[in-house]
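The next block holds one structure in the form of structure tokens; read it before the comments.
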Amino acid sequence: MAAIYSLYIINKSGGLIFYKDYGIQGRMDTNDSLRLASLWHSMHAISQQLSPIPGCSGIELLEADTFDLHCFQSLTGTKFFVVSEPGTQNMENLLKHIYELYTDYVLKNPFYEMEMPIRCELFDINLAQAIQKDRVSYLGR
């Protein structure tokens, strides 16, 4: 029943720095999540170059039969993307909120090293609350 299956954060070099699985079905192992993050980073970069529209920021939504993939890229090149149920609405707002949590709890953490995997308890706690709040609002519609 969850609207969100998983969340990925990719650094500007294409390395997976955060992965969280929220779905019950189809859990991926670590290698598969690394492959997906790397593939998405490459597709996103290629789409920016192939776009006929100048200044295109890349793929923001990939729709498939069984899932949607929503992406938000920050000005620094860090990509946040969620895999969700098809037709899930307001993912842009959720991704921007996750980015705000990232800036507040990860980037302001004096022990965090840029481009490295995220290990921050406050980020995890606040992220779980944001995802839970989004689930409740999704189911309430």
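For reference, positions follow the sequence shown, starting with 1.
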Are the side chains of Tyr8 and Trp40 in contact, using a 4.5 Å heavy-atom criterion? no

In the structure I gave you, are the side-chain heavy atoms of Ser6 and Tyr19 within less than 4.5 Å of one another anywhere? yes

Could you walk me through whether Leu61 and Asp68 pass the side-chain contact (heavy atoms from CB on, under 4.5 Å) check? CA-CA 7 Å; Leu61 173 62; Asp68 286 351; 4.1 Å; yes

Nearest 0.5 Å, please: how far is CG in Asn90 from NZ in Lys96? 11.5 Å

I'd like to check Tyr5 versus Phe67 (side-chain heavy atoms, cut-off strictly below 4.5 Å). Are they in contact? yes

Which of Ile118, Leu107, Asn109 passes side-chain contact (heavy atoms from CB on, under 4.5 Å) with Phe123? Answer is Ile118

Could you grab the distance from atom CZ of Phe72 to atom CD1 of Ile98, nearest 0.5 Å is fine? 10.5 Å

Nearest atoms (heavy-atom pairs only) where Ser47 meets Gly58: OG-CA, 3.3 Å

Compare all side-chain heavy atoms of Glu115 with those of Ser13 and state whether any distance is below 4.5 angstrom. yes

If you define the side chain from C-beta out and look only at heavy atoms, does anything of Leu94 sit under 4.5 Å from Glu92? no

Report yes or no: do Ile46 and Leu39 belong to one cluster of Ile/Leu/Val/Met/Phe/Trp/Tyr joined by side chain heavy-atom distances under 4.5 Å? no

When you measure from the side chain of Thr103 to the backbone of Glu100, do you find a donor-acceptor pair of N or O atoms at a distance under 3.5 Å? yes

Taking the side chain as everything from C-beta on, heavy atoms only, tell me whether Leu16 gets closer than 4.5 Å to Ser33. yes

Once rounded to the nearest 0.5 Å, what's the spacing between atom CD of Glu60 and atom CG of Leu95? 10.0 Å

All heavy atoms of Cys71 vs all of Ile59, minimum pair found to be CB-O, 3.7 Å

Sidechain-backbone polar pair: Ser42 side chain, Ser38 backbone, donor-acceptor under 3.5 Å: yes

Are Ile4 and Val83 close enough that some pair of their side-chain heavy atoms sits under 4.5 Å apart? no

With rounding to the nearest 0.5 Å, note down the distance linking CE in Met114 to CG in Asn11. 9.0 Å

Kindly give the heavy-atom pair with the smallest separation between Cys56 and Gln48, and that separation in Å. O-CG, 3.8 Å

Atom pair OG1/CD1 of Thr78 and Ile10 - distance to nearest 0.5 Å: 10.0 Å

Is the shortest heavy-atom distance from the side chain of Leu7 to the side chain of Phe18 under 4.5 Å? yes

Could you measure the distance from the CD atom of Gln73 to the NE2 atom of His44? Nearest 0.5 Å is fine. 5.0 Å

By ring-ring contact (aromatic ring centres under 6.0 Å, His included) - contacts of Phe80 (at least two apart): Tyr99, Tyr102

Under 4.5 Å between side-chain heavy atoms, hopping through other hydrophobics if needed: is there a path connecting Leu122 to Leu101? yes

